[in-house]
Novice: 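Okay, handing you the structure first.
By convention in this document, chain letters (A, B, ...) are assigned in the order of the sequence lines, proteins followed by strands, and residues within each chain are numbered from 1.
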Number of protein chains: 2
Amino acid sequence: MPGRRRMMSPGWGGKFRGCGYRMTVPRQAIMDVLSGTDKHLSAEDIYMKVHKMSPDVGLTTVYRTLELLTQMGLVVKFDFGDGRARYELTEGPKSEHHHHLICASCKRIIEYTDFIDEEMEFLKRAEKGLSKKYNFDIKNHIIQFYGLCDKCKNKK
Amino acid sequence: MPGRRRMMSPGWGGKFRGCGYRMTVPRQAIMDVLSGTDKHLSAEDIYMKVHKMSPDVGLTTVYRTLELLTQMGLVVKFDFGDGRARYELTEGPKSEHHHHLICASCKRIIEYTDFIDEEMEFLKRAEKGLSKKYNFDIKNHIIQFYGLCDKCKNKK
DNA sequence: CTTCTTATTGAAAATGGTTTCCATTATCAA
DNA sequence: TTGATAATGGAAACCATTTTCAATAAGAAG
Ligand SMILES: [Mn+2]
Ligand SMILES: [Mn+2]
Ligand SMILES: [Zn+2]
Ligand SMILES: [Zn+2]
């Protein structure tokens, strides 16, 4: 029965190949992990999850792939101030668009999805204007609020 | 001629003391550097500038002070992806409110001050709503756009 | 001004996330 | 199937940031 070779997955392979890169086992495994979570994973988090299914994928490759994905605009790299970078897939049915409140004291992260409509309104205009004025191809964005969480607010 | 002791500077001392900290020579020197520039300096950048006026201030103290200032909300810590953190004074007559476009490929930074009015509109509402909903005391924010700069856009 | 408590500091060493090296392997166009 | 070369993994190197700890200085009290 021909014509029914793997037609699964949205086809990350195409994304990679389209950018001139090859699709490999490690890369596929990493994409699987990223698209299967709604948390902001660190490189090591991802490495450990990948390791369960593909024990021979190295941490170095995870870092390399993450850098690649970030450049391709498929992943956003965050710095929440805990000493390690964290990554989130840009387009994911798993997680809805959100941003973060970061406690400057205890580093606690609060995700919120409020005000996304108003944000869209603002961002649409800003992105259009900025990409034209600076001839910059905007792929994605980060919005983070810093301050004190309720716990830290009420201390000494 | 009494009564004319140093009345210079907005008085960072008060800011520190008000938070229960002491005002010291190193801290004053660091504040002088921060309030005298409109660039995003790294810890080492600041250390070198401080070193010119106060040669005995150590790099460790610069890091410690920066962490303190970040927690106090007087400084914002940025990660532009070049391996070192960068810092900007929140309130500064020197620099006007701005945000950044970051090239995901070459890491070039473009500062922009456009759309600040629309942003203010959006932020005012978001901050008010978020701080109430999450009981979070928002001190400041970061907005960054990622993508490809004109140079990197036209490659390969 | 002097004293006393303790927050702050500087130098050196340690830390640890991320990058670099390089020999080996795997992808995919031909 | 083959060949050019992109990709990989393990170990070593990197290097920004943190930790340690004895010495110092800020500032409240007297
Ligand atoms: Mn998130
Ligand atoms: Mn800036
Ligand atoms: Zn907190
Ligand atoms: Zn660029």
Side-chain angles (χ1 to χ4, degrees), chain A residues 5-6 11-31 33 40-48 50-51 53-72 75 77-87 104 107 156, chain B residues 2 5-6 11-31 40-48 50-51 53-72 75 77-87 104 107 156:
Chain A
R5 258 167 202 292
R6 63 199 56 188
W12 294 115
K15 272 287 200 329
F16 278 91
R17 251 168 266 124
C19 292
Y21 303 114
R22 296 175 181 176
M23 176 46 95
T24 66
V25 172
R27 285 175 180 170
Q28 181 62 59
I30 292 168
M31 294 314 292
V33 167
H40 0 76
L41 304 176
S42 67
E44 183 132 24
D45 289 339
I46 296 169
Y47 168 69
M48 292 189 295
V50 164
H51 194 269
M53 298 307 297
S54 312
D56 23 340
V57 172
L59 178 57
T60 304
T61 296
V62 173
Y63 273 107
R64 273 189 296 235
T65 302
L66 254 12
E67 162 67 14
L68 201 60
L69 290 168
T70 301
Q71 286 199 188
M72 289 193 286
V75 156
K77 181 181 183 181
F78 290 94
D79 170 28
F80 292 144
D82 64 341
R84 73 206 58 196
R86 293 178 177 281
Y87 305 82
K107 313 299 186 192
K156 173 51 195 328
Chain B
R5 256 166 204 294
R6 64 198 57 186
W12 294 114
K15 271 288 198 332
F16 277 90
R17 252 166 266 127
C19 292
Y21 302 115
R22 296 175 181 175
M23 176 45 94
T24 66
V25 170
R27 284 175 180 170
Q28 180 63 247
I30 292 168
M31 294 313 293
H40 0 78
L41 303 177
S42 69
E44 182 130 25
D45 288 339
I46 296 169
Y47 168 70
M48 291 190 295
V50 164
H51 195 268
M53 298 307 298
S54 312
D56 22 339
V57 172
L59 178 57
T60 306
T61 296
V62 173
Y63 274 107
R64 272 188 297 235
T65 302
L66 254 12
E67 161 68 16
L68 201 62
L69 291 168
T70 300
Q71 287 200 190
M72 290 193 286
V75 157
K77 181 181 182 179
F78 290 94
D79 170 27
F80 292 143
D82 64 341
R84 72 209 59 198
R86 294 180 177 279
Y87 305 82
K107 314 299 185 192
K156 174 57 196 323

Novice: What closest approach, in Å, do B:Gln71 and A:Ala104 show between heavy atoms, and which atom pair accounts for it?
Specialist: CG-O, 3.2 Å
Novice: Check B:Val57 against B:Tyr47 and note the closest heavy-atom contact, atom names and distance.
Specialist: O-CE1, 3.2 Å
Novice: How far apart are the closest heavy atoms of A:Gly81 and A:Lys107, and which atoms are they?
Specialist: O-CE, 3.8 Å
Novice: Starting from the 5' end of DNA chain D, give me the residue, B:Gly83 or A:Thr65, whose nearest nucleotide shows up first.
Specialist: A:Thr65
Novice: Can you measure B:Phe78 atom CZ to D:dA16 atom P for me and round it to whole angstrom units?
Specialist: 20 Å
Novice: Tell me which nucleotide among C:dT18, D:dT17, D:dT8 gets nearest to the side chain of B:Arg84.
Specialist: D:dT17
Novice: In whole Å, I'd like the distance from the CZ atom of B:Phe16 to the C1' atom of D:dG27.
Specialist: 16 Å
Novice: Between atom OH in B:Tyr87 and atom P in D:dA16, what is the gap in whole Å?
Specialist: 12 Å
Novice: To the nearest angstrom, how far is B:Asp45 atom CG from D:dC15 atom C1'?
Specialist: 15 Å
Novice: Can you check the A:Asp82 CG to C:dT15 C1' distance for me, whole Å?
Specialist: 15 Å
Novice: If only atom types and distance count, is the side chain of B:Arg27 paired as donor or acceptor with the main-chain N or O of B:Arg22 below 3.5 Å?
Specialist: yes
Novice: Just by distance, do the side chain of B:Arg86 and the backbone of B:His40 share a donor-acceptor pair under 3.5 Å?
Specialist: yes
Novice: What string of B, S and - do you get for nucleotides 19-30 of chain C 5' to 3' if you count protein non-hydrogen atoms under 4.0 Å?
Specialist: BBB----BBS--
Novice: Just how far, in rounded Å, is P of D:dA16 from CD1 of B:Ile46?
Specialist: 14 Å
Novice: Just the rounded figure in Å: distance from C1' of D:dG10 to CD of A:Glu44.
Specialist: 15 Å
Novice: Work out which heavy atom in B:Ile30 is nearest to a heavy atom in B:Thr61; give both atom names and the distance.
Specialist: CD1-O, 4.2 Å
Novice: Could you give the CG-to-P distance, from A:Leu68 to D:dT8, as a whole number of Å?
Specialist: 9 Å
